[in-house]
Amino acid sequence: MSAPAPSTSTVPAARIVIAGAGPAAQALVSQLNRARFTGTITVLSNRDDTPEELLELALLPQVSVRFGQPASHIDPENRTVATADGMEFSYDQLVIATGSAPVASPVEGASRCLSYSTIDDAARIGEAVSEVTRELGRRPLGILVGTGAAAGQAEAVLRARGVRPIRTTARPAAVVPGTTTGLAASGVVFEDGSSMNGDLVVLAEERVSRDGLAASAGLQTAATGGIVISRDFRTSVPGIWAIGDAAAFDGVRLGLLVAAASAAGACATQLLSAASAPSVPSALPAAA
């Protein structure tokens with residue numbers, strides 16, 4: 001009797017779906033590509049625009065970017081995620097990276113200011129401060145608007161770069177255009193007509209995590225907003241992870257704790273391990 005033919009069955013390629021297309025999501029795709037991930041990566045973009053960085057990632061053979069198709073509902077039992085327009089995608093591992101949004105509407109002229117919302121903004125602010133310092137030939141005077149952890153971090157960044165920060169918790173009505181430096185804003189005006197003037201303006205206003213997907217999947221969220229994660233970016237539901245400002249660790253937005261590239265690198269390592277495991281690991285409890 002002849003020997004049975006060897007089995008030709010193969011393990012299906014792992015499917016990773018990423019809800020969100022901001023810096024954290026882009027960094028995660030780059031890290032997975034660098035690690036030679038052999039499965040498929042589907043990015044559900046909540047953006048209608050097509051930034052160059054995202055277009056470059058869309059050219060990778062294992063990556064599919066769905067522009068303007070934000071995730072709207074998660075079925076963790078069947079491991080599917082649906083988009084706002086009714087498309088449905090199956091996943092083995094789902095990463096929520098939907099970021100955060102400002103609590104209040106933008107200050108008039110805010111686009112002329114520097115902004116601080118995550119640790120990643122520190123380098124950009126540092127470069128701008130260096131340019132202003134060269135132009136002025138002295139230490140700049142900075143107007144810092146905001147409260148909370150983001151404003152505290154922004155103040156530390158400004159002081160480390162040699163800026164003399166004047167901080168206000170009162171929200172301005174408008175921004176004063178700059179006249180002597182490369183930056184377009186140098187002061188703010190308040191509702192009562194009073195003003196503060198300096199050499200640059202940094203807005204570090206309160207933001208809230210975009211964690212709306214949590215409810216559909218039964219994910220644990222922090223009291224202050226954000227999807228609760230453990231140290232390895234796992235949420236309270238197996239197979240679902242969160243990075244960037246959508247996530248919260250110890251009650252703080254992750255973007256205020258870890259740079260996007262660092263979080264993406266660590267999360268990618270965990271995803272690769274989970275994708276190659278014979279069974280789905282249980283979610284770990286959030287760190288206290």
Side-chain angles (χ1 to χ4, degrees), residues 15-29 41-48 64-105 117-118 148-150 205-258 260 263-264 267 270-271 274 280-288:
R15 301 161 299 179
I16 294 177
V17 173
I18 303 174
Q26 294 172 26
L28 180 58
V29 174
I41 304 171
T42 301
V43 179
L44 303 179
S45 175
N46 52 352
R47 308 174 55 160
D48 291 323
S64 172
V65 179
R66 301 287 181 147
F67 293 99
Q69 290 185 286
S72 62
H73 184 272
I74 299 169
D75 180 347
E77 183 176 352
N78 294 308
R79 297 213 171 197
T80 61
V81 55
T83 63
D85 58 3
M87 297 289 289
E88 189 173 274
F89 299 87
S90 297
Y91 67 85
D92 296 301
Q93 307 296 329
L94 171 65
V95 183
I96 300 176
T98 43
S100 64
V103 171
S105 58
S117 59
T118 71
E205 297 194 285
E206 186 180 356
R207 298 181 69 88
V208 62
S209 297
R210 288 192 177 105
D211 58 8
L213 284 172
S216 66
L219 300 173
Q220 181 183 356
T221 57
T224 54
I227 297 168
V228 174
I229 59 168
S230 59
R231 291 183 182 275
D232 57 3
F233 307 97
R234 298 178 194 267
T235 70
S236 58
V237 173
I240 304 179
W241 317 65
I243 60 172
D245 262 7
F249 181 80
D250 202 18
V252 180
R253 278 192 292 118
L254 191 62
L256 293 173
L257 300 175
V258 186
C267 185
Q270 297 295 330
L271 285 169
V280 179
S282 298
L284 299 182

Search all heavy atoms of [X] against all heavy atoms of [Y] and return the closest pair with its distance.
X    : Y    : value
G251 : T224 : O-OG1, 3.0 Å
A27  : A260 : CB-O, 4.1 Å
A248 : A222 : CB-CB, 4.0 Å
A149 : L256 : CB-CD1, 3.9 Å
S216 : P76  : O-CD, 4.4 Å
A264 : A24  : CB-O, 4.2 Å

Task: Test item: S64 side-chain N/O and T42 main-chain N/O as donor-acceptor pair under 3.5 Å - done: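 Checked: no pair found.
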Task: Donor-acceptor contact present, side-chain E88 to main-chain T83, <3.5 Å - done: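 Not a single qualifying donor-acceptor pair exists.
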Task: Point-to-point distance, once rounded to the nearest 0.5 Å, from CG of D92 to CG of L271 - done: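 Taking CG in D92 and CG in L271, the distance rounds to 11.0 Å.
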- [ ] Starting at OG of S105, measure out to CD of E205 and round the result to the nearest 0.5 Å.
- [x]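 Spacing of OG (S105) from CD (E205) equals 9.0 Å.
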Open item on the list: Please enumerate all residues that pass side chain to side chain contact (heavy atoms under 4.5 Å, CB included) together with S100, with sequence neighbours excluded.
Closed with: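 By the side chain to side chain contact (heavy atoms under 4.5 Å, CB included) rule, S100 matches R207, D245, R253.
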With the side chain counted from C-beta on, respond yes when [X] and [Y] share a heavy-atom pair under 4.5 Å apart, and no when they do not.
X    : Y    : result
L219 : I96  : yes
L44  : I18  : no
R79  : P238 : yes
Q69  : D85  : yes
T98  : D211 : no
L254 : I229 : yes
Y91  : I240 : yes
F89  : R15  : no

Open item on the list: Could you walk me through whether D75 and V81 satisfy the side-chain contact (heavy atoms from CB on, under 4.5 Å) test, starting with their C-alpha distance in whole Å, then the side-chain angles of each, then the deciding distance to 0.1 Å, before giving a yes or no?
Closed with: CA-CA 6 Å; D75 180 347; V81 55; over 6 Å; no
Open item on the list: Test side-chain contact (heavy atoms from CB on, under 4.5 Å) on V95 and L28; report intermediate values, then the result.
Closed with: CA-CA 9 Å; V95 183; L28 180 58; 3.7 Å; yes
Open item on the list: What I want to check is whether the side chains of W241 and Q270 have a donor and an acceptor closer together than 3.5 Å.
Closed with: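 Result is no, nothing qualifies.
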